[in-house]
Amino acid sequence: MSLALEAGCEARPVLRERGQREVFCGLTGIVWMHRKIRDAFFLVVGSRTCAHLLQSAAGVMIFAEPRFATAILEERDLAGLADAQEELDRTVARLLERRPDIRLLFLVGSCPSEVIKLDLAKAAQRLDARFPGVRVLNYSGSGIETTFTQGEDACLAALVPELPPGDAAQLLIVGALAEVVEDQWRRLFAAMGVRDLAFLPARRAGEMPAIGAGTRFLLAQPFLAETARLLESRGARHVPALFPLGAEGSTDFLRAGAQAMGVGEARFRAATALAEARAKAALEGARARLEGRRVFFFPDSQLEVPMARFLARECGMEPVEIGTPYLHRAHLARELPLLPASALLSEGQDVERQLDRCLSARPDLVVCGLGLANPLERQGITTKWSIELVFTPVQGHDQAADLAGLYARPFARRERLRV
Amino acid sequence: MQLTLWTYEGPPHVGAMRIATGMEGLHYVLHAPQGDTYADLLFTMIERRDRRPPVTYTTFQARDLGGDTAELFKRALRDAAERFRPEAVIVGASCTAELIQDDPGGLAESSGLDIPVVPLELPSYSKKENWGAAETFYQLLRRFAAKGEARPATCNILGPTALGFRHRDDVTEITRLLGRLGVTVNLVAPMGARPADLARIGDAAFNVVLYPEIAGQAAAFLQRRLGQPFTRSIPIGVGGTRDFIAEVAALAGVDPAPLLAEEGSRLPWYSRSVDSTYLTGKRVFVFGDATHAVAAARVAREEMGFEVVGLGSYSREQAREVREAAKALGLEALITDDYLAVEQAIAEAQPELVLGTQMERHTAKRLGIPCAVISAPVHVQDFPARYSPQMGFEGANVLFDTWVHPLMMGLEEHLIGMFREDSEFTDTAPSHLGHAAPVPRAAEPATPPAPASLALSWSAEAEAELKKIPFFVRGKARRNTESFARERGLSTITVETLYDAKAHFSR
């Protein structure tokens with residue numbers, strides 16, 4: 001609705017828009033977070049809409065017994081808030097009885113719980129005292145406060161005050177990653193002689209890393225603003241780097257980590273040269289398919305800026321518009337100067353205006369959410385579902401070609417079909 | 001507070017979306033926070049619609065709450081009316097907007113739009129999707145339905161919506177059936193109707209209600225307002241379809257005898273065919289929306305020769321009908337929207353077949369029981385490319401096939417029963433290609449000299465790495481890596497070899 005061109009700190013104009021947003025709320029992060037931390041459970045305190053979102057968003061009904069659920073607010077819960085707290089206690093008791101394996105329980109706030117000001121922090125404290133052996137924390141995944149991947153940020157931010165103190169030197173990699181990626185990086189850093197490597201979140205509640213003045217942290221994801229702020233407030237220091245997408249991003253990311261841990265360039269190159277060469281070679285195939293094609297990003301996961309950088313610099317694509325729900329300039333400081341000057345950077349969304357721009361630009365590929373993909377395909381525009389970029393291991397050298405492959409596949413499919 | 005993992009129905013505004021998306025020329029302006037747009041993907045992905053649902057979301061955020069969310073709504077309404085030029089608009093609130101009490105109806109009225117605006121009150125904290133759909137359809141008819149020239153032997157078909165379980169094909173099948181009976185269809189609604197079309201709903205003599213969950217309230221209203229009677233029988237199964245034909249014929253004043261004399265469906269003969277003997281007395285558990293569950297129970301018992309050992313529904317609004325049907329079968333109906341309660345009832349009843357929703361399909365998979373899906377909530381698989389109605393005679397054919405296919409055929413079942421230990425009958429049959437993992441050689445990077453035979457071995461680390469690859473492509477990754485290693489004369493596959501091969505093949 002409102003339209004304003006603003007100069008960013010890179011002197012690059014940013015189109016800022018307000019209007020209908022075709023994005024998920026932060027609750028959606030539960031879909032991967034509940035798999036990442038194996039003994040954690042996510043209890044959304046919300047409405048039927050929240051429950052419906054979670055089961056619809058990612059087709060997650062494949063799981064027999066997911067580690068998330070919704071406590072659906074009903075009319076009588078709205079009538080008296082004191083009762084809602086009691087009801088919540090009863091609900092949590094029932095849940096923990098059924099799932100004795102839970103060690104970490106997140107009470108996740110939603111739009112309705114925020115609007116009625118249901119105090120989940122207080123509830124978490126009370127329940128934490130009541131159930132020894134289960135740590136109870138809370139955060140908000142509400143759509144009025146968070147967009148899609150910001151739910152992960154809020155969840156990790158809730159964990160930061162819980163981390164034990166420890167001033168030993170270590171490198172901390174922050175952001176939920178596929179296990180295969182973590183394992184690759186462990187090997188690479190081990191080859192550089194870096195043993196004190198930790199990940200946040202850890203795979204289990206009891207294995208979360210200690211942090212303190214000796215901690216240097218790398219952000220593996222571009223959407224972790226609040227988590228980073230809280231880590232810094234506990235003395236940890238952020239190591240600026242490109243995000244680990246593509247060969248260039250992965251090398252820069254690992255190098256920044258290596259330098260922070262005092263690893264010399266020669267040793268760094270010795271450990272990573274092979275992986276980098278392999279990634280570059282593997283990218284050739286997809287590059288042939290993607291080179292010269294124009295790509296348009298609708299805002300979704302905040303991964304858009306590093307993705308566009310990767311596609312432009314390593315796959316030869318031309319970003320037309322790079323839409324992102326939120327542009328964190330400090331964390332993207334290394335990324336933004338690498339974007340081609342011709343690309344329009346937009347923040348926020350008015351989906352109707354953006355669709356107008358998209359249709360008039362006629363890009364070769366549109367990266368967008370599931371609500372827009374089929375309607376655009378029907379208009380002859382090739383699309384890539386953005387959600388797949390969040391649910392697939394794409395970080396690191398050995399996934400660079402996979403990442404390019406995700407963008408190349410829609411073209412490959414079109415070429416193949418004769419119907 | 002209700003603890004739930006999965007839910008059979010969405011919130012009521014999703015019901016309203018199903019009406020708006022099913023119709024043409026109608027737009028829905030929904031006061032809702034960021035994130036509620038997820039509902040679009042139900043239509044564009046599950047139903048594979050090629051257009052966005054005609055819904056505008058106001059997308060308010062926390063920072064708007066202190067300010068003027070009402071103004072945000074008015075602007076969204078104005079913009080939507082201008083951009084989409086609908087014939088009419090429905091306005092309402094999702095669960096969160098309901099709490100902030102902006103009164104979209106009142107705001108819309110004062111907005112001075114030159115098109116009809118129908119306000120919806122859909123209480124999110126007590127009602128659900130089907131109720132929301134029914135209420136929306138009812139409110140639209142209250143606004144637009146008008147008395148007409150009721151022509152004899154003419155009816156309306158009421159109930160089909162977007163995202164309905166086989167609604168698309170049911171409408172085709174029933175329209176054909178009515179045509180053969182000599183009954184003209186005046187209007188199908190909501191699916192395919194425009195707001196203006198609703199004004200000529202009175203041109204029909206009576207209404208055919210396919211889905212009472214959605215059109216029951218509307219049909220009762222039309223009977224009161226326009227004096228149109230409506231059908232009660234549901235044309236699911238051969239018996240249901242025959243009852244429906246008789247009821248329609250009576251309302252239309254036509255002769256049902258010629259159509260009833262035809263052998264409409266293959267189901268009766270297939271069921272009598274001797275190879276179906278093994279179906280006799282199979283214990284089935286039925287759960288779904290009220291209409292489909294009750295109809296399925298009848299087909300199961302009367303037309304398939306099954307024994308119904310459980311019957312239930314999540315449709316609280318239609319609980320009475322389900323209870324009556326269950327009672328007639330000597331059962332107590334299970335009325336619940338807690339899928340864990342359904343799972344428990346299934347486990348206790350120990351059926352041989354479950355006829356349920358996608359939820360019961362998962363439960364049945366866990367319990368190792370065959371299952372066929374008979375009702376919403378829908379899944380992408382419930383929108384098959386082929387013609388696949390549930391209703392009418394062709395629908396009966398579809399039911400026969402879909403319910404029998406998950407079952408083992410008679411002889412197959414016997415063989416498995418007799419030779420349970422046969423390796424082919426277990427799902428974790430060991431592969432003859434399997435070999436023991438090599439002994440890990442910790443801190444011994446030196447590769448032993450390659451033997452002439454080039455026997456390949458995987459290091460423990462590489463083997464572990466391979467396991468991280470999804471099982472369905474793991475075989476291919478293993479083969480590729482081994483051929484890559486052979487070509488290069490390697491004898492041990494390390495993690496590096498694995499990724500070298502991966503990079504090689506992705507070129």
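Remember, predicted model here, so these are calculated numbers, not experimental data.
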Given salt bridge (Lys or Arg N to Asp or Glu O under 4.0 Å), test B:R52 with A:E352 step by step and report yes or no.
CA-CA 11 Å; B:R52 292 163 62 212; A:E352 307 298 350; 3.0 Å; yes

Determine, step by step, whether A:R94 and B:D338 satisfy the salt bridge (Lys or Arg N to Asp or Glu O under 4.0 Å) criterion, reporting the C-alpha distance in whole Å, the side-chain angles of both residues, the deciding distance to 0.1 Å, and the verdict.
CA-CA 14 Å; A:R94 191 184 152 201; B:D338 179 352; 3.7 Å; yes

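- Annotation for B:E71: atom CD counts as buried by contact number, over 12 foreign heavy atoms lying within 6.0 Å.
- Using a 4.5 Å cut-off between heavy atoms, A:V115 touches chain B through its side chain atoms alone.
- Environment of NZ in A:K280: sparse, with no more than 12 heavy atoms of neighbouring residues, nucleotides or ligands closer than 6.0 Å.
- Of the atoms belonging to B:V55, it is backbone heavy atoms, and not side-chain ones, that fall under 4.5 Å from chain A.
- In this structure, chain B has a heavy atom under 4.5 Å from the side chain of A:R90, while its backbone stays farther away.
- Proximity to chain B (any heavy atom under 4.5 Å) is shown, for A:V44, by neither the backbone nor the side chain.
- Around CH2 of A:W385, the count of heavy atoms belonging to other residues, nucleotides or ligands within 6.0 Å does not exceed 12.
- Under the 30°/60° scheme for interplanar angles, the aromatic rings of B:H31 and B:F60 are found to stand perpendicular.
- The most heavy-atom pairs under 4.5 Å with chain B, out of A:C50, A:G371, A:C25, come from A:G371.
- Counting heavy-atom pairs closer than 4.5 Å to chain A, the top-ranked of the candidates B:H504, B:K128, B:E461 is B:K128.
- The contact between A:L43 and chain B is made entirely by side chain atoms (from C-beta outward), counting heavy-atom distances below 4.5 Å.
- In terms of heavy-atom pairs under 4.5 angstrom with chain B, the leader among A:L27, A:T147, A:L372 is A:T147.
- For A:S113, no part lies under 4.5 angstrom from a heavy atom of chain B.
- If you measure heavy-atom distances from B:E9 to chain A, the contacts under 4.5 Å come from the backbone alone.
- For the set B:A62, B:A39, B:G35, the entry with the most heavy-atom pairs within less than 4.5 Å of chain A is B:A62.
- Between B:E343 and B:R366 a salt bridge is recorded (basic side-chain N to carboxylate O distance below 4.0 Å).
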Determine whether B:D500 and B:R488 satisfy the following criterion, salt bridge (Lys or Arg N to Asp or Glu O under 4.0 Å), listing intermediate values before the conclusion.
CA-CA 11 Å; B:D500 283 340; B:R488 278 155 189 76; over 6 Å; no

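- Applying the ring pair (Phe, Tyr, Trp, His ring centres under 6.0 Å) test to residues at least two apart or on different chains, the pairs with a partner in residues 33-58 of chain B are A:H52-B:Y38.
- Annotation: maximal heavy-atom pairing with chain A below 4.5 Å, among B:L3, B:T44, B:D50, B:L42, occurs at B:D50.
- A:F42 has its ring centre no less than 6.0 Å from the ring centre of A:H34.
- Contacts of A:A71 with chain B are made by both backbone and side-chain atoms, with heavy-atom separations under 4.5 Å.
- Within the 4.5 angstrom heavy-atom criterion, no atom of B:Y8 approaches chain A.
- When A:I144, A:V45, A:V351, A:L274 are compared by the number of non-hydrogen pairs under 4.5 Å with chain B, A:I144 comes out ahead.
- Among the candidates A:E17, A:Q354, A:Q20, the single residue satisfying the side chain to side chain donor-acceptor pair (under 3.5 Å) test with A:Q349 is A:Q354.
- Within the 4.5 angstrom heavy-atom criterion, only side-chain atoms of B:V14, from C-beta onward, approach chain A.
- The closest side-chain donor-acceptor pair between A:E114 and A:S142, if any, does not fall under 3.5 angstrom.
- Looking only at heavy-atom pairs under 4.5 Å with chain A, the residue among B:C95, B:S94, B:G10, B:P33 that has the most is B:G10.
- In this structure, a donor-acceptor pair under 3.5 Å is present between the side chains of A:E377 and A:T383.
- Only the backbone of B:R51 comes within contact range of chain A, with heavy atoms under 4.5 Å apart.
- Chain A forms the most heavy-atom pairs under 4.5 Å with one residue out of B:D36, B:L41, B:T7, B:D64, and that residue is B:T7.
- Here A:R48 is the residue among A:E22, A:E179, A:R48 with the most heavy-atom pairs under 4.5 Å with chain B.
- Proximity to chain A (any heavy atom under 4.5 Å) is restricted, for B:H13, to the side chain, taken from C-beta onward.
- Here B:T363 pairs with nothing under the side-chain hydrogen bond (donor to acceptor under 3.5 Å, both in side chains) rule; sequence neighbours left out.
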Quick one, B:R83 with A:D356, criterion salt bridge (Lys or Arg N to Asp or Glu O under 4.0 Å). Give me CA distance, side-chain angles, the key distance, then yes/no.
CA-CA 11 Å; B:R83 177 175 283 267; A:D356 290 345; 2.8 Å; yes

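- In terms of heavy-atom pairs under 4.5 Å with chain A, the best-connected choice from B:E496, B:K502, B:E129, B:Q2 is B:Q2.
- Contacts of A:D398 with chain B are made by both backbone and side-chain atoms, with heavy-atom separations under 4.5 Å.
- For A:L88, the parts sitting under 4.5 Å from any heavy atom of chain B are the backbone and the side chain alike.
- Most heavy-atom pairs under 4.5 Å with chain B, from the set A:T146, A:L95, A:V23, A:T49: that is A:T49.
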